[in-house]
Amino acid sequence: MSETYSERGRLESALGWLVYALGVFLTGYTVVYAVSLVGGWPLSGLVPEPGWVKRDARYMILFFGIGIALYYLDYAHRTFRNESADVGFAAAESSTTGGSIGDGLKRVRQTWKRVDPYVALALAVVALLTMYHVYTNFTRLDEDAYILGYTTTDHLVGVVLIALAIDTTRRAFGTVIAAVAVAAIAYAHAAVGPRLFGVFQHSGQSWEQIAENGAIGISGVYHETLMGIGSTWVAIFIMFAGIAKAFGLMEFVREIGTELGTSLRTGVVQIAVISSMIMGSITGSAAANTATTGSFTIPMIKDQGVSDDIAASIEAVASAGGQMLPPVMGVAAFLMADIVQVPYLDIVRAGIIPAALFYFSVCLAVHFTILKFGWISNDLSSFRWRLLLKGSHFVVPMVVLLYTLVYLRYTPLSAGMNTIFAIVGVMFVRNFVVGVVGIGSDEVTAEVLGREVRGDDVLGNLVATSKQTVDGFKQGGIDMAPLVGVLAAMGVIVKLLEGTGLTARVATSIVSLGDVSVLGFGGGLVIVLVLAMIASILFGLGMPTPAAYILVAILVAKPITELGTPPIATHMFVFYFAMLSAITPPVAISVAIGSRIAGANFLDSWHVFTPIEFLAEPLRRLKTAPSI
């Protein structure tokens with residue numbers, strides 16, 4: 001038994017190194033691609049310029065394959081690590097199983113739990129093999145195959161690519177969006193389409209055509225908008241967030257929150273809103289933001305005496321709204337800029353007022369709630385402003401981001417690249433000043449090959465900062481990997497729905513509602529907008545906001561613009577309600593995550609999480625709150 005655990009430990013260690021290397025490579029690959037687009041191939045004269053520098057599709061093929069492989073390897077590594085922690089409990093539990101049906105199901109689950117990480121390892125290898133096939137046959141698949149036809153191997157690879165996208169989505173984001181992808185494939189097949197009725201009926205596609213449209217025809221999985229924007233604009237900012245975390249941004253936000261908690265009457269609660277708002281803008285996922293920032297903000301809020309369900313609700317609502325907060329606005333904003341075909345800065349401008357109104361109402365609701373129940377800080381002290389100096393270096397990359405994005409009007413990819421270079425350069429200077437020169441009370445340390453390296457001298461300082469930078473590259477790649485699968489799955493859904501003609505028929509049906517009158521008065525647009533609101537929330541139940549937005553943008557937003565509404569206003573409208581779906585019952589994915597962290601009952605939190613209930617809180621608190 002001990003030998004088995006020893007082998008498991010060696011495998012876990014090897015996987016850890018492999019995940020680390022692949023995470024660093026994925027971030028480095030993205031940054032090098034950004035540099036190549038802006039200034040040309042940086043290794044000219046040393047290494048021949050690769051084909052993916054000039055062809056976005058080739059870059060996406062490698063990005064998808066590496067990202068999927070990284071996700072599976074990281075999944076297997078985390079599973080092995082958790083098993084090592086729980087091995088004693090699992091052994092004791094397995095020894096007490098009986099012969100009932102329930103025990104039989106438990107044994108099946110335990111068996112699958114042991115097998116699952118090995119399946120993930122196999123799928124990681126499959127992802128790399130399919131990447132190799134598509135990349136090496138790119139010219140034929142992109143050009144000649146349309147005329148000469150695809151081979152049986154091509155079709156099988158296409159099916160495997162679609163399956164990989166759906167499986168990674170299921171593992172990372174749950175069964176809802178994966179089920180939508182499976183339903184889209186079934187709907188597109190010839191066995192289903194001709195048997196439907198009305199607007200849903202179509203001639204159908206064979207499995208070979210689904211494989212071609214969904215992946216192997218350099219579409220679907222490699223959708224030019226979804227994977228194209230995801231592997232560039234989105235990836236560069238997700239990776240910047242990972243680098244910032246490795247350099248201590250989260251720790252700095254936590255320290256500021258703790259300090260402000262002793263200086264404000266409402267304590268750390270409002271600071272939790274602000275920190276979740278800022279991080280939500282970068283991550284672009286309400287669920288991910290609730291899980292990351294909530295892991296330290298929710299315990300801080302509870303320590304102030306706030307009840308479990310209220311603490312979880314505050315974090316979930318604040319995390320959801322960050323996706324519409326400029327200047328980054330999360331993943332969906334980048335997709336919106338490409339779909340609407342406007343500069344990204346126009347999307348940022350459109351998001352300022354809605355984001356301000358959203359967080360103003362959230363802060364009011366939080367303020368009056370804390371005052372009503374008396375969850376206030378009594379032992380107040382003045383804020384130590386010198387604490388802000390510890391994070392003053394983080395101002396530089398944010399200034400670079402705003403300057404390049406707003407003033408110079410660079411693309412998000414170029415702006416993100418320059419921001420990454422800025423934060424890395426600033427950290428080298430900051431660590432030298434703190435560690436070698438001795439200005440400040442912080443220590444510069446990093447763990448290299450199991451040994452702690454101190455940055456008290458020049459060499460040690462360079463090694464420690466370099467290790468922090470590489471750690472940030474690794475974290476950025478790992479944070480991006482789950483999004484690769486969901487963007488690919490959404491590409492399959494969009495391509496198949498467009499191929500069946502459903503999007504065009506739904507658009508025609510929606511436009512026809514513009515002539516409908518309500519009680520003799522013109523009200524067609526109002527009806528369409530209400531239906532769009534409902535559809536945006538329903539599509540978003542259980543889905544990440546980018547996936548929900550893509551569906552409503554394709555099926556709903558486009559036909560609404562044909563009724564005369566401004567395109568940006570229309571897309572912001574459906575995006576807003578797709579965003580709120582993360583905190584809307586009955587699914588409310590952020591509710592589940594926040595409740596689990598807070599130790600609250602999901603059903604008890606359900607009422608608090610409803611957006612109308614939470615955002616209308618100030619109106620009810622005004623009569624009952626003590627004087628402010």
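Every value quoted in this text rests on a predicted model; they were computed, and no experiment measured them.
- Within the 4.5 Å cutoff, the side chain of R505 has heavy atoms near those of the H202 side chain.
- The distance from the OG atom of S231 to the CG atom of L483 is 12.0 Å, given to the nearest 0.5 Å.
- The local environment of CD in E562 is crowded, with over 12 non-hydrogen atoms from other residues, nucleotides or ligands closer than 6.0 Å.
- Heavy atoms only, all atoms of each residue included: A350 and I568 are closest at CB-CG2, 3.6 Å.
- For K302, the side-chain contact (heavy atoms from CB on, under 4.5 Å) partners two or more places apart in sequence, or in a different chain, are I298, D308, A311, A598.
- Inter-residue side-chain proximity for V38 and M417 is flagged as met; some heavy-atom pair is nearer than 4.5 Å.
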Worked verdict on Y59 versus T232 for side chain to side chain contact (heavy atoms under 4.5 Å, CB included): CA-CA 10 Å; Y59 166 77; T232 52; 3.8 Å; yes
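- The minimum heavy-atom distance linking F334 with P412 is given by the pair CE2-CB, 3.5 Å.
- Between W375 and F373, the ring-plane angle classifies as parallel under the 30° and 60° cut-offs.
- Side-chain polar atoms of D56 and Y33 form a donor-acceptor pair below 3.5 angstrom.
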From CA spacing to verdict: ring pair (Phe, Tyr, Trp, His ring centres under 6.0 Å), F247, F394: CA-CA 9 Å; F247 283 143; F394 290 120; 8.0 Å; no
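- Defined by atom type and a distance below 3.5 Å, a donor-acceptor pair is missing between the side-chain atoms of N418 and T404.
- Residues L496 and N213 are in side-chain contact: their nearest non-hydrogen atoms beyond the backbone lie under 4.5 Å apart.
- Separation of atoms CD1 (I236) and CD1 (I238) is listed at 11.0 Å; rounding is to 0.5 Å.
- With rounding to the nearest 0.5 Å, the separation of CG in L502 from CD1 in I554 is 11.5 Å.
- Nearest heavy atom pair, residue A547 against residue I177, reads CB-CD1, 3.2 Å.
- Ring-plane geometry between F577 and F573 is classed as perpendicular, the angle between the planes exceeding 60 degrees on a 0 to 90 degree scale with a lower cut at 30.
- Rounded to the nearest 0.5 Å, atoms OG1 (T411) and CG (L37) are 8.0 Å apart.
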Evaluation steps, side chain to side chain contact (heavy atoms under 4.5 Å, CB included), between V342 and M336: CA-CA 9 Å; V342 298; M336 188 188 302; over 6 Å; no
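- Here the CG-CD1 distance, from L529 to I560, works out to 5.5 Å after rounding to the nearest 0.5 Å.
- Shown here for P299 and G294, the closest heavy-atom pair between the two residues is CD-O, 3.5 Å.
- At least one cation-pi condition fails for R171 and Y71: the charged atom is not both under 6.0 angstrom from the six-membered ring centre and inside a 45 degree cone around its axis.
- Nearest approach of A312 to G594, heavy atoms of both residues: CB-O, 3.4 Å.
- Side-chain contact check for T290 and E315: no donor-acceptor pair (N or O, by modelled atom type) lies under 3.5 Å.
- For Y187, the OH atom is densely surrounded, since the number of other residues' heavy atoms within 6.0 Å is greater than 12.
- For the residue pair T30/T27, the side-chain donor-acceptor check at 3.5 Å is not satisfied.
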I423/V396 under side chain to side chain contact (heavy atoms under 4.5 Å, CB included): CA gap, chis, key distance, verdict: CA-CA 7 Å; I423 194 172; V396 176; over 6 Å; no
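- When side chains are defined from C-beta on, Y407 does not count as touching L402, because their heavy atoms never get closer than 4.5 Å.
- Counting only heavy atoms from C-beta outward, the side chains of M579 and F358 approach each other to under 4.5 Å.
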From CA spacing to verdict: side chain to side chain contact (heavy atoms under 4.5 Å, CB included), C363, V273: CA-CA 8 Å; C363 288; V273 174; 4.2 Å; yes
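- How far CD1 of I493 is from CD1 of I162: 11.0 Å, rounded to the nearest 0.5 Å.
- Note: W233 and Y344 have perpendicular aromatic rings, judged against thresholds of 30 and 60 degrees for the angle between ring planes.
- A 4.5 Å side-chain heavy-atom check between L70 and M480 finds every atom pair outside the cut-off.
- Q201 places no side-chain N or O within donor-acceptor distance of the main-chain N or O of G198, the cut-off being under 3.5 Å.
- Q323 and F575 make their closest contact through O-CZ, 3.4 Å (heavy atoms, listed as atom of the first residue, atom of the second, distance).
- A side-chain donor-acceptor contact under 3.5 Å links T419 to the backbone of A415.
- Side-chain contact between Y549 and I339 is present, with at least one heavy-atom pair separated by less than 4.5 Å.
- For the pair T503 (side chain) and L555 (backbone), a donor-acceptor distance under 3.5 Å is absent.
- In this structure, H223 and M60 have side chains that are not in contact, with every pair of non-hydrogen atoms separated by 4.5 Å or more.
- Residues T561 and T570 bring no donor and acceptor atom of their side chains to less than 3.5 Å of each other.
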